[in-house]
Amino acid sequence: AQKITQTQPGMFVQEKEAVTLDCTYDTSDPSYGLFWYKQPSSGEMIFLIYQGSYDQQNATEGRYSLNFQKARKSANLVISASQLGDSAMYFCAMREGFSNTGNQFYFGTGTSLTVIP
Amino acid sequence: GAVVSQHPSWVICKSGTSVKIECRSLDFQATTMFWYRQFPKQSLMLMATSNEGSKATYEQGVEKDKFLINHASLTLSTLTVTSAHPEDSSFYICSANRAPEAFFGQGTRLTVV
């Protein structure tokens with residue numbers, strides 16, 4: 001089974017509107033972290049937001065928030081007030097376990113977001 | 001935040017030659033680093049896990065003899081694409097974890113002609 005599933009290959013949003021990018025995950029490990037990364041056309045991977053499996057509140061970072069629904073195993077990214085610079089690929093990722101830096105990250109297939117002026 | 005530096009950013013080489021890509025953790029020690037390959041508009045595909053002082057662990061289907069990984073110090077891992085062919089053309093990116101986050105290099109765009 002896929003560890004991370006992103007079902008939206010492409011999304012469009014009007015500038016200044018909010019957009020939700022979907023992500024579901026699969027793990028039996030009670031300790032895990034969920035991440036969102038942005039990859040512009042330059043290729044660099046930009047960290048956006050992190051949610052730990054034991055965190056009670058949804059993570060927020062500026063215009064980014066993570067809608068964490070543990071029972072449904074979903075970790076959707078919400079971008080508010082979209083900007084043209086938000087156009088990029090967005091990857092949801094998961095790492096099982098917290099303290100072992102040798103644990104690999106599992107990535108979804110990505111969502112290509114296009115912000116329309 | 002932590003920084004991982006990858007060099008070169010892009011390289012063009014002739015078919016049959018070898019190319020070395022370096023991945024350095026600049027402000028933290030990384031006993032483990034990861035090497036990914038990414039095709040256009042696709043996700044990152046884990047190629048191998050690089051372990052300082054020991055052999056790398058390769059994912060199924062990745063040729064060990066073609067993609068040589070050396071992790072000689074706590075801050076440097078190298079990926080050498082040996083006898084490169086046009087089908088090896090791709091975007092290669094490394095990462096290192098500093099809990100809880102993964103820090104990525106800038107990536108290397110390899111073109112084999």
Side-chain angles (χ1 to χ4, degrees), chain A residues 2-11 21 23 29 31-55 59 61 66 75 87-114, chain B residues 1-6 8-10 21 23 25 28-54 56-60 62 71 74 77 90-111:
Chain A
Q2 292 287 337
K3 290 278 190 180
I4 295 287
T5 302
Q6 292 180 255
T7 58
Q8 305 155 314
M11 289 283 285
L21 306 184
C23 173
D29 192 327
S31 302
Y32 54 90
L34 297 160
F35 304 78
W36 278 92
Y37 287 87
K38 172 184 177 182
Q39 187 180 41
S41 57
S42 60
E44 61 182 314
M45 293 288 282
I46 302 169
F47 166 76
L48 296 179
I49 197 165
Y50 161 77
Q51 179 88 40
S53 59
Y54 296 115
D55 294 343
E61 290 284 349
L66 198 153
S87 293
M89 282 289 287
Y90 288 80
F91 290 100
C92 179
M94 177 179 68
R95 187 180 120 179
E96 294 167 324
F98 290 138
S99 60
N100 188 343
T101 55
N103 288 354
Q104 71 176 83
F105 276 59
Y106 298 95
F107 289 89
T109 50
T111 296
S112 177
L113 177 66
T114 302
Chain B
V3 178
V4 172
S5 178
Q6 188 172 340
S9 300
W10 59 270
I21 303 170
C23 181
S25 57
F28 68 102
Q29 293 181 334
T31 54
T32 304
M33 291 185 177
F34 302 90
W35 287 96
Y36 298 87
R37 183 173 181 174
Q38 187 180 29
F39 293 103
K41 300 190 184 302
Q42 294 190 24
S43 187
L44 282 71
M45 181 189 77
L46 180 66
M47 298 175 65
T49 302
S50 170
N51 302 299
E52 187 269 335
S54 64
T57 304
Y58 290 82
E59 295 300 300
Q60 192 172 8
V62 177
H71 196 149
L74 288 171
S77 175
S90 192
F91 187 69
Y92 295 87
I93 192 165
C94 68
S95 77
N97 295 347
R98 193 173 74 175
E101 201 177 319
F103 295 91
F104 290 86
Q106 300 93 325
T108 298
R109 203 165 298 278
L110 170 65
T111 303

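First the proteins, then the strands, lettered A, B, ... as listed; each starts at 1.
- Of the two parts of Tyr106(A), neither the backbone nor the side chain holds a non-hydrogen atom closer than 4.5 Å to a non-hydrogen atom of chain B.
- Heavy atoms closer than 4.5 Å to chain A are found in both the backbone and the side chain of Glu101(B).
- Within the 4.5 angstrom heavy-atom criterion, only side-chain atoms of Gln39(A), from C-beta onward, approach chain B.
- Gln106(B) and Ser9(B) share no donor-acceptor pair across their side chains, judged by distance under 3.5 Å alone.
- The aromatic rings of Tyr50(A) and Phe35(A) sit tilted relative to each other, their planes meeting at an angle between 30° and 60°.
- Summarising the geometry, atom CE belonging to Met33(B) is positioned 8.5 Å from atom CG belonging to Leu74(B); distances are rounded to the nearest 0.5 Å.
- Distance check: Thr57(B) OG1 to Asn51(B) CG gives 5.0 Å after rounding to the nearest 0.5 Å.
- Only the backbone of Ser41(A) comes within less than 4.5 Å of a heavy atom of chain B; no side-chain atom from C-beta onward does.
- The part of Phe91(A) that comes within reach of chain B is its side chain, from C-beta onward, which places non-hydrogen atoms under 4.5 angstrom from that chain.
- Contact detail for Ala56(B) and Ser50(B): the closest heavy-atom pair is CB-CA, 4.3 Å.
- Here Met45(A) is the residue among Gln6(A), Glu44(A), Met45(A) with the most heavy-atom pairs under 4.5 Å with chain B.
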Report task. Would you please test Glu59(B) and Met47(B) for side chain to side chain contact (heavy atoms under 4.5 Å, CB included) and show each step? Result -> CA-CA 5 Å; Glu59(B) 295 300 300; Met47(B) 298 175 65; 5.8 Å; no

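- Heavy atoms of Gln38(B) lying under 4.5 Å from chain A belong exclusively to its side chain.
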